[in-house]
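Written below as structure tokens is the structure these notes are about.
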There are 2 protein chains.
Amino acid sequence: MLRPITREVISAANAESLARSVKALADPARIRIVSMIAAHDDGEACVCDLTDPLGLSQPTVSHHLRILMDAGFLTRSKRGTWAYYRLAPGALGALTSFLASAV
Amino acid sequence: MLRPITREVISAANAESLARSVKALADPARIRIVSMIAAHDDGEACVCDLTDPLGLSQPTVSHHLRILMDAGFLTRSKRGTWAYYRLAPGALGALTSFLASAV
DNA sequence: GTTAAACATCGACGTTTGTCAATGTATCTG
DNA sequence: CAGATACATTGACAAACGTCGATGTTTAAC
């Protein structure tokens, strides 16, 4: 993988937006949540699947899920009283490849 | 890139350590610093090269550089009164590939 | 219509974070 | 040695963050 002769510095605005995405993953609970959802049956999990293994209260888990959703890493589908969360296809890969190329 | 049938959930300890690394990049100033160092002549830059383009005070820049060093993303070599910072080879790539595979 | 269950939202709290001015530490120059 | 330069460290402060208990909202079951 060759290094281009000229290397552009990331713009302040792009750095801000990239930092927002990275920040969404910069917490152990949220990293575990993403990993747990990815490993769960059918690739989806509800809040009640996560609270116990995480050792966190239900409001805290909902809070983390909202942050991951707002950052575009998760999607939510409500069925009955349950809310099922999934990985947003390609979102994580997009971040890691952009991170690797941009900085 | 095939997905393994069984997917391990990341351990709490590994999530903690991964979060520490990610957190070091979860700030627009630090992302710009990494990008600026990568783009700078000979792949190295001193503190005085960074303060003006970042619009931050010298202590703040030193603070960010320390965080990036502690996380293993940068190396420092002192020559005279100047301190030259470089990307630690492979550190960023190691993070992104681990991130992509582990979560 | 009541009750119960799953989840979201709110309010409050201690902790962590990003920033700067002030100060300390080397290193070079005359 | 005296002054200047480049950088690190310290202390302080406001803002952001992670967490929980309490409460609100929606849906299902009886």
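Chain naming here is simple, since letters A, B, ... match the order of the sequence lines and numbering starts at 1 in each. Predicted model only: the values in this text are computed from it and were never measured.
The residue among S62(A) and K23(A) whose nearest nucleotide of DNA chain C is located toward the 5' end is S62(A).
Within the 4.0 angstrom heavy-atom criterion, base atoms lie near H63(A). Within the 4.0 angstrom heavy-atom criterion, no nucleotide atom of any strand lies near Y84(A).
Checked by atom type and distance alone, the side chain of D49(A) pairs as donor or acceptor with a backbone atom of C46(A) at under 3.5 Å. Not one N or O on the side chain of R32(A) forms a donor-acceptor pair closer than 3.5 Å with the backbone of L50(A). Although no hydrogens or angles enter the test, the distance criterion places a donor-acceptor pair under 3.5 Å between the side chain of S35(B) and the main chain of I10(A). Proximity of a side-chain donor or acceptor of D27(B) to a complementary backbone N or O of A29(B) within less than 3.5 Å is detected. Remark: side-chain polar atoms of R30(B) are not paired, donor with acceptor, to backbone N or O of A19(A) under 3.5 angstrom.
The CD-P distance, from E16(A) to dA16(D), rounds to 12 Å in whole Å. What separates CZ of R20(B) from P of dC17(D) is a distance of 20 Å, to the nearest Å. One atom, CG of L68(A), and another, P of dC17(D), lie 14 Å apart when rounded to the nearest Å. Taking atom CG of residue L65(A) and atom P of nucleotide dA6(C), one finds them 16 Å apart after rounding to whole Å. Computed from coordinates, the D70(B) CG to dT16(C) C1' distance equals 16 Å when rounded to whole Å. A straight line from CE of M69(A) to P of dA8(C) spans 9 Å, rounded to a whole angstrom. Rounded to whole angstrom, the span from the CZ atom of R30(B) across to the C1' atom of dT16(C) amounts to 12 Å. The CG atom of D49(B) sits 11 Å away from the P atom of dA6(D) (whole-angstrom rounding).
When distances are taken from the side chain of L56(A) to each of dT9(C), dT19(D), dG18(C), the shortest belongs to dT19(D). Listed nucleotides dC7(D), dC20(D), dC7(C) differ in distance to A83(B); the shortest reach to its side chain belongs to dC7(D). Closest contact between the side chain of V47(A) and the listed nucleotides dT19(C), dG18(D), dA8(C) involves dA8(C). Of the candidates dG18(D), dA8(D), dC20(C), the closest approach to any side-chain atom of R76(B) belongs to dA8(D).
The side chain of H64(B) places an N or O atom within less than 4.0 Å of a non-bridging phosphate oxygen (OP1 or OP2) of dT19(C). One finds a side-chain N or O of Y85(B) lying less than 4.0 angstrom from the OP1 or OP2 phosphate oxygen of dA8(D). Contact between the side-chain N/O atoms of R66(B) and the OP1/OP2 oxygens of dC7(D) is not found at any separation under 4.0 Å.
The cluster map of Ile, Leu, Val, Met, Phe, Trp and Tyr, joined by side-chain heavy atoms under 4.5 Å apart, puts V34(B) and Y84(B) in different clusters. Residues L54(B) and L87(B) share a single hydrophobic cluster, defined by chaining ILVMFWY side chains whose heavy atoms lie under 4.5 Å apart.
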- Base versus backbone protein contacts along nucleotides 21-28 of chain C [heavy-atom cut-off under 4.0 Å; B, S, -]: BB----BS
- Query: Are Y85(A) and V47(A) close enough, and set up right, to give a side chain to side chain contact (heavy atoms under 4.5 Å, CB included), and what steps lead you there?
  - Reply: CA-CA 8 Å; Y85(A) 289 86; V47(A) 182; 4.0 Å; yes
